[in-house]
Amino acid sequence: MTRQILVTSALPYANGPIHLGHLVEYVQTDIFVRFQRLRGHRVVYLCADDTHGAAIMIRAQKEGRTPEQLIADMAVQHQRDFANFGISFDHYGSTNSKANYTVAKGIWANLRRDGLVVERSVERLYDPVQKTFLADRFVIGDCPRCGARDQYGDSCEACGATYAATELKQPRSVHSGATPELRPSSQLFVRLEPLQAELTQWTQHSGALQTEVANYLAGHFLDKPLQDWDVSRPAPYFGFEIPDAPGQYWYVWFDAPIGYIASTAEWCAREGQQLDDWWRNPQCEIVHFLGKDITYFHTLFWPALLSVGGYQRPRRVQIHGFLRVNGEKMSKSKGTFVTAARYLEHLDAEWLRYYYASKLSSKIDDLDFQAEEFVGKVNSDLVGRVVNLASRSARFVEATGLSARYPDDGGLFARAAALGETIAAAYEACDYREATRLVMTLADAANEYVEQKAPWTLKKDPARATELQDVCTVVLNLFHQLLVYLQPVLPQLAARGGALLGSTCDRWQLTATPLVGTRVAKFEHLMTRVEADKVASMFVPEASAPAGVATPAAVAPAVAADTLAKEPLAAEITIDDFTKVDLRIAEVVAAEAVPEAKKLLRLTLSLGGGVTRNVFAGIKGAYEPERLVGRLVVMVANLAPRKMKFGMSEGMVIAAGTDGEVYLLSPDAGAKAGQRLH
RNA sequence: GGCAGGAUAGCUCAGCUGGUUAGAGCGGCGGCUUCAUAAGCCGUAGGUCGCCGGUUCAAGUCCGGCUCCUGCUACCA
């Protein structure tokens with residue numbers, strides 16, 4: 001029976017680049033989707049950028065551009081990264097779209113109709129100068145717990161404390177710098193309590209949730225009356241203005257999941273499909289993949305919205321854990337916070353897909369990335385066992401092709417075909433670890449067969465040519481089965497291996513019937529081995545790595561070869577010419593973006609002994625100011641001061657770069673601010 | 001502090017409703033092979049199943065307590 005399945009991954013926030021942690025989810029989902037397609041089901045895979053909220057607004061403001069410009073840029077980056085990892089979305093939308101507004105408006109109208117929207121006055125911080133209410137993130141001040149300065153109104157980046165914006169010490173508005181005052185603000189809430197019975201039923205008895213999740217909800221939320229959900233935010237806010245509440249915007253988490261439906265709507269419009277066939281059709285299985293941090297949004301609010309909106313609830317919510325690296329949280333300073341783009345500078349996307357698959361189960365456990373294990377899995381499983389089957393047999397039959405009839409193989413092919421349903425069940429359950437393990441047992445059996453038949457011996461005896469062809473026919477057919485079974489994980493390998501054998505590798509059923517009498521193409525390497533030092537170099541800590549995370553520079557292809565050509569060596573000078581330039585080590589003691597400038601950061605550099613210089617540097621695009629504070633740089637200390645639009649610049653900071661890249665220089669450990677470079 | 005999940009060979013993990021000598025892969029060690037991307041095959045050594053107590057003819061598997069790890073949450077959701 002052909003199933004109809006709508007699959008989503010959580011919408012990545014347009015506030016940052018895709019990293020290895022995100023990829024756990026997209027790879028997990030993509031494998032599921034490709035598996036279902038391979039089985040012949042009707043599948044659509046949808047996603048979108050999550051674009052609204054205060055964080056986006058603030059970041060855009062800092063970078064001196066509009067939120068629209070920021071999210072447009074992010075959309076390009078995100079989709080490029082996903083494409084590079086083979087994530088096969090049918091459509092990728094944005095929550096800042098007309099379609100999303102339309103769907104959100106519809107659901108909102110139903111909430112109103114059912115009397116589920118209530119208005120209530122809440123005390124909020126108000127900027128008396130700008131005359132606006134302030135979202136938590138628009139208030140900065142000192143952390144009430146640890147006293148760290150300039151923290152946002154929701155949590156402290158220094159100590160991790162969370163608190164209300166009203167608890168900040170010395171609070172001030174990021175807009176005007178004024179001290180905020182408390183004022184009553186009228187806000188909108190969605191009542192969830194009337195839906196409690198329905199949600200309890202769905203979470204506890206529908207089978208849509210993993211048991212840990214059902215328990216979590218039962219013990220945390222459903223054991224007492226569900227509280228009203230605060231879904232509005234006062235202007236200014238980047239998002240959708242609520243149609244019947246001018247000056248109020250939907251909170252980002254209201255319209256984010258609605259993006260699933262909106263993205264489907266856009267896809268439907270493009271493909272001539274009917275939205276109701278996917279969201280209002282009990283035959284259609286909706287499957288959401290997401291991380292454990294956003295569980296309650298997807299298991300309480302979201303099903304509530306769906307229900308009120310007249311849409312069907314998900315058949316399954318598949319929740320995964322976080323990525324850790326060498327047993328620890330990903331960390332920028334330790335270099336373990338690796339973006340998708342950075343990974344690809346060093347390693348192959350399919351290696352990661354396989355590695356993740358080999359570790360993923362259907363549980364919520366965190367997944368630990370371990371470099372040596374990664375190297376081992378790729379080299380020994382994929383290259384040593386799977387690909388090796390082709391490379392030790394294909395050459396022998398390049399001239400003859402496969403035998404016309406499938407020879408006796410002692411039942412190997414039949415056994416592998418029979419295991420197909422077990423493997424499929426593992427994929428279906430998202431137990432990819434089990435699926436890949438099973439496939440590897442087949443690879444082992446095939447290698448034993450090669451060992452036993454020793455085709456290299458047969459080759460030496462012309463009289464046994466037929467036997468040689470038969471042996472290779474068996475090996476390549478076993479290899480072909482593996483390619484198909486692994487196709488959801490390794491689509492590119494399957495395509496290349498398929499090209500060798502003249503197979504598309506695109507239907508699960510192909511594993512049931514041997515290939516016979518077909519030609520075998522000239523053998524070429526199907527996959528390269530991983531070199532351990534490449535994995536290591538990917539984890540070089542941020543401090544010595546170029547630029548920040550996800551800068552445009554990181555995206556540019558490596559062009560070391562023509563760097564010199566682009567900027568030829570300058571004319572010769574004497575040592576006296578050089579000594580005219582006074583280069584000094586300086587410490588960045590303060591750094592901030594110049595809001596009106598596109599590229600400038602204002603740096604306060606210390607030369608030691610209380611001597612500081614104010615310097616403007618055109619490095620905004622590559623460095624976040626907070627990260628620069630405390631680091632040592634090299635400056636030209638005797639450059640004539642220059643008056644700029646934003647103030648006097650008293651020197652310049654040395655950086656390298658071609659075509660807009662920027663790489664600041666750092667001295668080795670031990671250098672002190674004020675020391676001259678000779 | 002509350003809640004959820006976890007603690008099994010050096011590493012990553014299987015072990016369902018309690019029942020013969022606790023398993024797999026990787027890694028280690030020994031041998032074989034040389035077709036293949038220093039790949040492959042065979043053999044082998046490793047575990048007081050976190051700790052304490054209980055139930056039982058019998059517990060990694062059930063119950064109680066404790067320790068440690070991870071995550072969520074901390075009268076916001």
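Naming: A, B, ... by sequence-line order, numbering from 1 per chain.
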(Q) Roughly how many Å apart are B:G5 and B:G10, using the C1' atom of each and rounding to a whole number? (A) 25 Å

Q. When all nucleic acid strands are considered with a 4.0 Å heavy-atom cut-off, which category describes A:V387: base, sugar-phosphate, or nothing?
A. base

Q. Just to confirm, is there a sub-4.0 Å distance from OP1 or OP2 of B:G23 to any side-chain nitrogen or oxygen of A:R437?
A. no

Q.
As a test of reading the structure: which of B:A39, B:A14, B:G25 is closest to the side chain of A:R385, going by heavy atoms?
A. B:G25

**Q.** Candidate nucleotides B:A24, B:U37, B:C42, ranked by approach to the side chain of A:E448 - the nearest
**A.** B:C42

Q. Is A:D368 paired with A:R324 through a side-chain N to carboxylate O contact shorter than 4.0 Å?
A. no

Q. In whole angstroms, how far is the P atom of B:A36 from the CG atom of A:L500?
A. 16 Å

**Q.** Output field: ring centroids A:W253/A:F301 closer than 6.0 Å
**A.** no

Q. Are the charged groups of A:R183 and A:E181 less than 4.0 angstrom apart, N to O?
A. yes

Q. B:C35 C1' sits how many Å from A:F523 CZ, rounded?
A. 12 Å

**Q.** Span that lies between the C1' atom of B:G46 and that of B:G28, in whole angstrom
**A.** 9 Å

Q) If you look at every strand shown and take non-hydrogen atoms under 4.0 Å, does A:F221 touch a base, only sugar-phosphate, or nothing? A) nothing

Give each protein N/O atom lying under 3.5 Å from an N/O atom of nucleotides 9-13 of chain B, with the pair distance.
residue : atom : partner : partner atom : Å
B:C13   : O3'  : A:R433  : NH1          : 3.4
B:C13   : O3'  : A:R433  : NH2          : 2.8

Q | Separation between the C1' atoms of B:C35 and B:G40, rounded to whole Å | A | 10 Å

Q. Would you call B:G50 syn or anti, using the 90° rule around 0?
A. anti

Q) Starting at NZ of A:K459 and ending at C1' of B:U33, how long is that distance when rounded to a whole Å? A) 15 Å

Q) Does a side chain donor of either A:Y13 or A:H52 reach within less than 3.5 Å of an acceptor in the other side chain? A) no

Q. Would A:Y406 and A:F413 count as a close aromatic pair, with their ring centres under 6.0 Å?
A. yes

Q. Is it true that the NZ or CZ of A:R120 lies under 6.0 Å from the centre of A:F189's six-membered ring and within 45 degrees of the ring axis?
A. yes

Q: For B:U21 and B:C11, measure between their C1' atoms and round to the nearest Å.
A: 25 Å

Q | Proximal nucleotide (of B:A36, B:C72, B:A14) relative to the A:K363 side chain | A | B:A14

**Q.** Aromatic A:Y354 / basic A:K377 pairing, under 6.0 angstrom, 45° off normal
**A.** no

Q: Taking atom P in both B:U44 and B:G25, compute the distance separating them and give it to the nearest angstrom.
A: 13 Å

Q) Can you check the A:M440 CE to B:A39 C1' distance for me, whole Å? A) 14 Å

Q: Give A:L300 one of three labels, base, sugar-phosphate or nothing, depending on what nucleic acid heavy atoms sit under 4.0 Å from its own.
A: nothing

Q. Closest nucleotide of RNA chain B for A:L192 versus for A:W456: which of these residues is on the 5' side?
A. A:W456

**Q.** Atom-pair distance (CG on A:L222; C1' on B:A4), nearest Å
**A.** 14 Å

**Q.** A:I31, A:L323, A:V489 screened by side-chain contact (heavy atoms from CB on, under 4.5 Å) with A:Y356, the one that passes
**A.** A:L323

(Q) Looking only at the aromatic ring of each residue, does the gap between the centers of A:F369 and A:Y355 stay below 6.0 angstrom? (A) yes

Q.
So A:Y296, base contact, sugar-phosphate only, or nothing? Heavy-atom distance under 4.0 Å.
A. base

Q. Given atom CD1 of A:I364 and atom P of B:U70, what is their separation to the nearest angstrom?
A. 18 Å

**Q.** Same-atom distance (P) from B:G23 to B:C66, integer angstrom
**A.** 34 Å

**Q.** Nearest-nucleotide pick for A:K292, side chain only, options being B:U37, B:A24, B:G71
**A.** B:G71

Q | P gap between B:U8 and B:A14, integer Å | A | 10 Å

Q.
How many whole angstroms separate atom CG of A:L323 from atom P of B:G71?
A. 13 Å

Q | Residue whose nearest RNA chain B nucleotide is more 5′ - A:R392 or A:W229 | A | A:R392

(Q) As a test of your reading of the structure, name each stem of RNA chain B as range with range, where a stem is three or more consecutive Watson-Crick or G-U pairs at under 3.5 Å. (A) B:1-7 with B:67-73, B:10-13 with B:23-26, B:28-32 with B:40-44, B:50-54 with B:62-66

**Q.** Aromatic contact, A:F289 with A:H320 (centres under 6.0 Å)
**A.** no

Q: Determine which pairs satisfy salt bridge (charged side-chain N to carboxylate O under 4.0 Å, His left out) with at least one residue from residues 448-458 of chain A, sequence neighbours left out, and list them in order.
A: A:R392-A:E451

Q) Looking for any heavy atom pair under 4.0 Å, which part of the strands does A:G376 touch: base, sugar-phosphate only, or nothing? A) nothing

Q) Any idea which of B:A39, B:C72, B:C26 is nearest the A:S380 side chain? A) B:C26

Q) For A:I319 and B:C72, what is the distance between atoms CD1 and P respectively, to the nearest whole Å? A) 13 Å

Q: Give one of base, sugar-phosphate or nothing for A:M527, where a contact means two heavy atoms less than 4.0 Å apart.
A: base

(Q) Roughly how many Å apart are B:U12 and B:C3, using the P atom of each and rounding to a whole number? (A) 29 Å

(Q) Tell me whether A:E398 is salt-bridged to A:R395, with the criterion being a basic N under 4.0 Å from an acidic carboxylate O. (A) no

